[in-house]
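First up is the structure itself, then whatever we jot down about it.
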There are 2 protein chains.
Amino acid sequence: MGTKPTLHEVAATAGVSLASASRALTGRSASPEMVRKVRTAAKRIGYLPDATARSLRLGGHRQVVFAVDDIGNPNYVQMLRAIEAELGETTRISVSSTGRRPDQTVELVRMLSMGAGDGLIISPLRVTPALRQAIADTVVPVVVIGTLHSDLGVDNVFVDSSVAVGMVVDHLVEIGRTRIGVINGPGNTNPGAARRAGFAAAVERHALVRTEALQITAADFTVGAGVDAAEHLLAATLDSGIPIDAIVCANDLIAIGAISAARRRGLRVPDDLAVTGIDDTELAALYSPPLTSVSLQSERRGGIAARMLSERFADPSRPPRRETVDATLVIRASTIGEAA
Amino acid sequence: MGTKPTLHEVAATAGVSLASASRALTGRSASPEMVRKVRTAAKRIGYLPDATARSLRLGGHRQVVFAVDDIGNPNYVQMLRAIEAELGETTRISVSSTGRRPDQTVELVRMLSMGAGDGLIISPLRVTPALRQAIADTVVPVVVIGTLHSDLGVDNVFVDSSVAVGMVVDHLVEIGRTRIGVINGPGNTNPGAARRAGFAAAVERHALVRTEALQITAADFTVGAGVDAAEHLLAATLDSGIPIDAIVCANDLIAIGAISAARRRGLRVPDDLAVTGIDDTELAALYSPPLTSVSLQSERRGGIAARMLSERFADPSRPPRRETVDATLVIRASTIGEAA
DNA sequence: TTGTATGCGTTATCAT
DNA sequence: ATGATAACGCATACAA
């Protein structure tokens with residue numbers, strides 16, 4: 001009883017042939033009597049058709065998996081939309097939110113080798129040695145959206161988010177901000193590391209104040225983490241007599257959290273404090289004040305990744321490619337106020 | 001060339017047996033020489049393993065499809081998260097964004113009968129006769145999150161969004177708003193119809209002004225549609241000398257759009273105009289001003305739907321159930337200002 | 001209309 | 001270590 005009933009057992013229970021049972025359920029050509037017998041038998045033993053077997057027999061569609069750390073991040077939703085648009089008709093896309101546990105991503109890649117899907121698009125926050133190894137070992141095509149330090153022989157979509165931070169700082173300096181703080185994402189993530197480097201370079205370039213107190217790390221790329229980090233940052237800088245006039249945030253969600261925290265302290269944005277995000281997610285344009293951000297072209301990256309994957313399906317021997325997209329600064333009211 | 005190479009052809013090309021080819025690729029027990037031969041042969045003819053066949057042989061996991069109109073709506077993202085949490089380990093979840101085309105949903109349900117998945121969770125904006133029929137005909141388990149007018153013999157998670165509108169209007173009346181406008185979603189959607197009815201009932205109950213000019217329909221449940229609708233509504237009411245002091249919106253996204261439009265006209269929220277949403281999505285708490293909204297408990301509904309599905313997998317003969325969750329009002333600054 | 005037999009692409013069992 | 005073959009669960013061409 002614990003085992004899943006098959007069509008075979010339905011046929012046996014109904015006392016008919018396997019073929020008749022199949023036809024009775026799919027409703028091809030079967031007598032009313034046959035349909036009745038089979039359907040009741042199926043109900044009785046609790047039969048449910050097996051999608052995999054059907055799909056094999058029918059020549060089912062391809063299945064690709066899109067794995068991200070947090071599907072709640074609008075950034076990934078944008079990618080997903082583009083991916084769906086690119087290969088939606090012909091392919092089933094399943095999204096897997098690996099939830100910050102890097103080993104889960106590794107697990108996923110391994111599962112793929114075991115038939116869980118025909119292809120993988122992955123946008124990992126961290127690329128651990130284990131993940132690198134898993135990717136290298138996998139037979140099924142993998143496209144990585146993000147930073148790939150060594151060459152793994154897989155297709156790759158890249159955007160340099162360190163220059164993104166540079167663009168933001170340049171802009172802030174241009175509008176006269178000099179004491180610029182930063183709320184970065186976790187340092188052990190690829191985006192975190194890149195943005196930290198970008199900020200350091202920009203500070204150097206503009207000869208800005210360089211204090212440890214101006215740099216803080218959020219626990220996460222989420223709004224909640226942004227609130228917490230901003231509170232610490234504001235408290236630390238104000239208490240030590242180093243008031244800041246701008247905060248560069250590692251992404252839009254953190255920036256929104258930072259604005260909330262700043263407001264709660266009575267600070268006006270951008271008059272007292274300019275705040276910037278990264279990703280230029282839909283929220284950025286809608287938030288009030290609208291958020292100055294840097295577009296990393298998530299939709300475009302998703303679309304490119306999807307196209308790379310389908311091109312690899314078409315020609316598996318094609319050498320791995322790497323495509324790069326450019327970051328573009330989008331200036332809004334959170335830095336310059338109501339300009340319109 | 002046009003056909004997909006199988007393991008069989010790899011074996012033939014390498015001049016080895018099928019079994020050896022399989023082992024060489026999965027790396028079980030094979031001589032280095034064998035591995036080399038097979039791998040090069042596979043590369044040469046462009047072999048890619050078939051996930052479906054593997055999955056069948058290996059006893060693959062279950063696949064359920066989550067179908068919604070627009071995965072960009074945070075509301076559905078919340079559901080997805082809950083669904084993943086409930087049956088994530090054991091089941092592959094693929095999300096299908098049917099993009100406002102109702103017939104595409106019907107198509108999807110039919111595909112399911114043909115092996116595209118083992119189960120379906122669906123949260124449709126519209127339940128057309130065709131969809132109703134497709135659901136009734138399907139052998140695979142379907143759980144519907146939403147309104148189901150007739151009894152289709154499927155599991156159902158329900159929340160009465162007409163009472164949600166009622167709660168909002170009650171609240172507005174309580175704080176002294178009397179000229180209340182409404183921006184509804186499309187009237188030919190289930191949520192649209194329910195919310196319209198709820199508003200009509202509330203207007204009756206409180207003996208509020210009842211003019212057609214106070215009611216308007218957004219083209220969509222999106223921010224953009226909210227902006228457009230609000231502009232029309234504000235223009236119409238102001239021009240005709242009927243200034244309104246509150247807008248009830250069909251969901252949070254529309255509400256955010258409405259606030260933007262109001263601000264652009266120089267209106268202060270909530271001093272000049274109170275605005276409310278529905279769904280209590282994450283944005284509601286984060287927006288400024290934070291949005292008064294009604295929680296429809298999307299996470300909870302997603303979780304319940306997932307549990308219903310897995311219970312049906314366990315016992316297909318279980319009679320269909322219907323579970324109802326309650327709407328709860330969440331009061332924030334967009335109606336009462338900075339109360340804290 | 002119904003039953004028999006074969007194959008979808010892969011892996012596991014059993015010999016060799 | 002390798003090869004021949006059965007089996008995964010289902011749908012269909014064919015024969016009856």
Side-chain angles (χ1 to χ4, degrees), chain A residues 3-39 41-42 45-63 111-118 139-140 313 316, chain B residues 3-39 41-42 45-63 111-118 139-140 313 316:
Chain A
T3 183
K4 199 183 161 203
T6 76
L7 187 58
H8 197 87
E9 319 184 273
V10 174
T13 308
V16 301
S17 88
L18 190 63
S20 297
S22 173
R23 282 181 294 236
L25 290 183
T26 55
R28 294 284 298 169
S29 60
S31 68
E33 177 61 13
M34 170 67 43
V35 171
R36 194 194 56 75
K37 270 198 302 187
V38 173
R39 292 199 102 110
I45 68 175
Y47 168 78
L48 246 38
D50 182 293
T52 308
R54 269 169 118 119
S55 184
L56 175 60
R57 188 58 172 83
L58 274 324
H61 307 112
R62 245 188 295 253
Q63 315 171 13
M111 298 276 293
L112 267 201
S113 311
M114 309 195 50
D118 297 288
V139 243
V140 312
F313 283 145
Chain B
T3 183
K4 200 185 162 201
T6 74
L7 189 58
H8 196 87
E9 319 184 273
V10 175
T13 309
V16 301
S17 87
L18 190 61
S20 298
S22 174
R23 282 182 296 235
L25 290 183
T26 54
R28 294 283 298 168
S29 61
S31 68
E33 176 60 13
M34 170 66 50
V35 172
R36 194 195 54 75
K37 271 199 300 189
V38 172
R39 293 199 99 110
I45 69 175
Y47 169 77
L48 245 38
D50 182 290
T52 308
R54 269 169 119 119
S55 184
L56 174 61
R57 191 55 174 87
L58 273 324
H61 7 270
R62 248 188 292 253
Q63 315 172 13
M111 300 275 293
L112 267 201
S113 310
M114 308 195 50
D118 297 286
V139 243
V140 312
F313 283 145

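Distances were taken from every side-chain heavy atom of B:Thr6 (C-beta onward) to each of D:dA13, D:dC10, C:dG9; the shortest belongs to C:dG9. When the nucleotides D:dA4, C:dG3, C:dG9 are ranked by their closest atom to the side chain of B:Ala19, D:dA4 comes out on top.
If you measure from atom NE2 of B:His8 to atom C1' of C:dT10, you get 12 Å, rounded to the nearest angstrom. For the pair A:Met34 CE and C:dT1 P, the computed distance is 11 Å after rounding to whole Å. In this structure, CG of A:Leu18 is placed 16 Å from P of C:dG7, rounded to the nearest angstrom. B:Leu25 has its CG atom 13 Å from the P atom of D:dT2, to the nearest Å. Between A:Arg62 atom CZ and C:dG9 atom C1' the separation is 15 Å, expressed in whole Å. Atom P of nucleotide D:dA13 and atom CZ of A:Arg23 are separated by 11 Å, given to the nearest angstrom. In this structure, CD of B:Gln63 is placed 14 Å from C1' of D:dG9, rounded to the nearest angstrom. Rounded to whole Å, atom P of D:dC8 lies 13 Å from atom CG of A:Leu7.
The phosphate of D:dC10 has neither OP1 nor OP2 within less than 4.0 Å of any side-chain N or O from A:Thr52. Within the structure, a side-chain polar atom (N or O) of B:Ser20 is placed less than 4.0 Å from OP1 or OP2 of D:dG3.
Heavy-atom minimum distance, B:Pro316 versus A:Gly46: CG-O, 3.4 Å. Closest approach of A:Pro49 to A:Arg54, counting heavy atoms only: CB-NH1, 2.7 Å.
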Next item on the list: Tell me, with the steps shown, if B:Arg23 and B:Met34 meet side chain to side chain contact (heavy atoms under 4.5 Å, CB included).
Entry: CA-CA 9 Å; B:Arg23 282 182 296 235; B:Met34 170 66 50; over 6 Å; no

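A residue-by-residue look at B:Leu56 and B:Ser17 shows that B:Ser17 has its nearest nucleotide of DNA chain D further toward the 5' end. In terms of position on DNA chain D, the residue among B:Arg57 and B:Ser31 whose nearest nucleotide sits closer to the 5' end is B:Ser31.
Remark: the A:Arg54 side chain and the D:dA11 base include no donor-acceptor N/O pair separated by less than 3.5 Å.
Residue contacts for A:Ser22: at a heavy-atom cut-off of 4.0 Å it reaches a base atom on one of the strands shown.
With hydrogens and angles ignored, the 3.5 Å screen pairs no side-chain donor or acceptor of A:Ser20 with any backbone N or O of A:Val16. Looking only at distances, no side-chain donor or acceptor of B:Asp118 sits under 3.5 Å from a matching main-chain atom of B:Arg62.
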